[in-house]
Protein chains: 2
Amino acid sequence: MKTSTGSRRAELLALAASLFAERGYVSTTVRDIADAAGILSGSLYHHFDSKESMAEEILTGFLDELFGTYAEILAAGQSPRETLEAVVAASFESIHRRPAEVAIYQSEAKHLMQLPRFAYLNDRNAEFRALWNGILTDGVTAGVFRADLDIELVYRFIRDTVWVAVRWYNPDGALSAEAVAEQYLGILLDGIATKRRPAKRR
Amino acid sequence: MKTSTGSRRAELLALAASLFAERGYVSTTVRDIADAAGILSGSLYHHFDSKESMAEEILTGFLDELFGTYAEILAAGQSPRETLEAVVAASFESIHRRPAEVAIYQSEAKHLMQLPRFAYLNDRNAEFRALWNGILTDGVTAGVFRADLDIELVYRFIRDTVWVAVRWYNPDGALSAEAVAEQYLGILLDGIATKRRPAKRR
DNA sequence: GTCTATAAAGTGATAGAC
DNA sequence: GTCTATCACTTTATAGAC
């Protein structure tokens with residue numbers, strides 16, 4: 001819990017994050033982390049209070065950065081469609097730059113959230129939901145998004161599809177985050193069908 | 001590993017499945033399962049070889065059923081669009097009927113697959129990929145799906161968006177699996193935008 | 001089919017020497 | 001900042017009585 005050099009701390013956190021992402025938080029032991037760092041497990045406790053502290057620090061750092069980016073996009077005050085495109089692009093960008101952190105958030109948040117110290121994850125989820133519902137509602141009002149869709153459902157589909165891409169996206173691969181975002185927005189906005197169906201009502 | 005009554009075995013498996021889904025496979029102990037069943041942990045080993053065996057039996061049972069349904073849909077020989085709609089509907093239907101099993105497959109398959117006894121999960125993934133790529137390719141050939149999309153990417157998006165819905169779908173809620181499937185197909189096929197953009201080429 | 005009792009190994013974490 | 005040494009606890013799994 002000491003401040004230590006700061007860089008060593010960051011180094012250990014990065015190591016822990018990649019192990020958490022790869023093997024899962026519960027399956028990763030403090031010995032695994034220490035081994036990867038070339039030290040013994042007891043030595044880790046000079047830098048961190050507990051295994052939970054490591055996960056907490058990894059997630060808060062990531063989420064603060066991510067929501068800072070979202071705030072900038074919203075502050076730019078663009079159209080609903082441009083805002084949606086920017087938020088989707090920024091999300092894929094974060095998968096590109098912080099794959100381990102996104103993977104941990106995706107896979108472990110649900111379980112970690114049950115611990116009191118991770119209660120802030122609920123706030124972030126609510127913030128995320130408000131962000132998307134705002135964009136979608138504005139777009140429907142402006143007439144650029146279809147009015148016959150369930151906003152809440154659309155929000156969930158967008159959220160899930162974007163983030164779950166961390167499972168297969170390869171930061172070192174030929175397919176860039178920008179290319180994925182473009183393809184994804186193409187599907188989301190215009191669909192995969194060649195012709196629009198006649199509006200089908202029940 | 002005895003055959004036992006059969007029904008007691010199924011009862012215990014259903015209990016284990018819901019615990020695995022809720023708390024995660026690694027975090028769920030055999031004591032948790034035994035407690036939920038009202039017996040002691042040692043007694044579980046009269047029915048099953050190991051904790052791994054329980055997970056294996058849960059997943060194989062679920063996947064055999066699911067791919068049986070897919071095979072029936074393909075055998076019906078409908079159009080690419082009808083086939084796509086039927087496969088999506090059947091997938092949401094399976095989330096409705098077997099939420100725990102889907103959740104386990106979603107959350108744990110990646111880690112379980114690294115164990116030799118779960119190698120068949122790789123085969124199922126390949127089978128699933130072939131199924132989707134076939135439907136999408138047929139649809140592009142028939143001119144009903146856009147030709148400018150990356151089939152592999154579209155496959156991943158469909159697969160992920162459909163299955164990840166298990167995280168929020170409530171089998172007892174007001175929103176039925178059919179309604180979710182309909183909304184989802186509306187987005188996937190036609191997009192959320194009110195007007196198609198002029199085809200944007202790079 | 002369940003319980004008693006327990007083994008064998010692994011877990012997160014600590015205190016103090018270097 | 002790391003190591004030595006170790007504690008207290010939990011884990012999966014087993015053997016045999018009932």
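Below, chain A is the first sequence line, B the second, and so on; all start at residue 1.
In this structure, a donor-acceptor pair under 3.5 Å is absent between the side chains of A:R159 and A:S91. Neither side chain, B:E72 nor B:T69, offers a donor N or O lying under 3.5 Å from an acceptor on the other. Using modelled atom types and a 3.5 Å distance limit, the side chains of B:Q106 and A:R167 yield a donor-acceptor pair. Under 3.5 Å, the side chains of A:S53 and A:E56 contain no donor-acceptor pair of N or O atoms.
Here the P atom of nucleotide C:dA9 and the NZ atom of B:K51 are 19 Å apart, to the nearest Å. Counting to the nearest Å, the C1' atom of D:dC7 and the CZ atom of A:R31 are 12 Å from each other. Protein atom CG of B:D49 is 8 Å distant from nucleotide atom P of D:dT14, rounded to whole Å. Separating the CG atom of B:D35 from the P atom of D:dT10 is a distance of 13 Å, rounded to the nearest angstrom. If you take CG of A:L44 and C1' of D:dT4, they are 16 Å apart, rounded to a whole angstrom.
Side-chain contact check for A:L63 versus A:T60: every heavy-atom pair is 4.5 Å or farther apart.
Taking only side-chain nitrogens and oxygens, A:Y45 never comes nearer than 4.0 Å to OP1 or OP2 of C:dT14.
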Distances for protein N/O vs nucleotides 2-5 of chain C N/O pairs under 3.5 angstrom?
from, atom 1, to, atom 2, distance (Å)
C:dT2, OP1, B:R8, NE, 3.3
C:dT2, OP1, B:R8, NH2, 3.0
C:dT2, OP2, B:H47, NE2, 3.0
C:dC3, OP2, B:L40, N, 2.6
C:dC3, OP2, B:S43, OG, 3.3

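When heavy atoms are screened at a 4.0 angstrom cut-off, A:S27 is found touching no nucleic acid atom at all.
Checked by atom type and distance alone, the side chain of B:Q183 never pairs as donor or acceptor with a backbone atom of B:V180 at under 3.5 Å.
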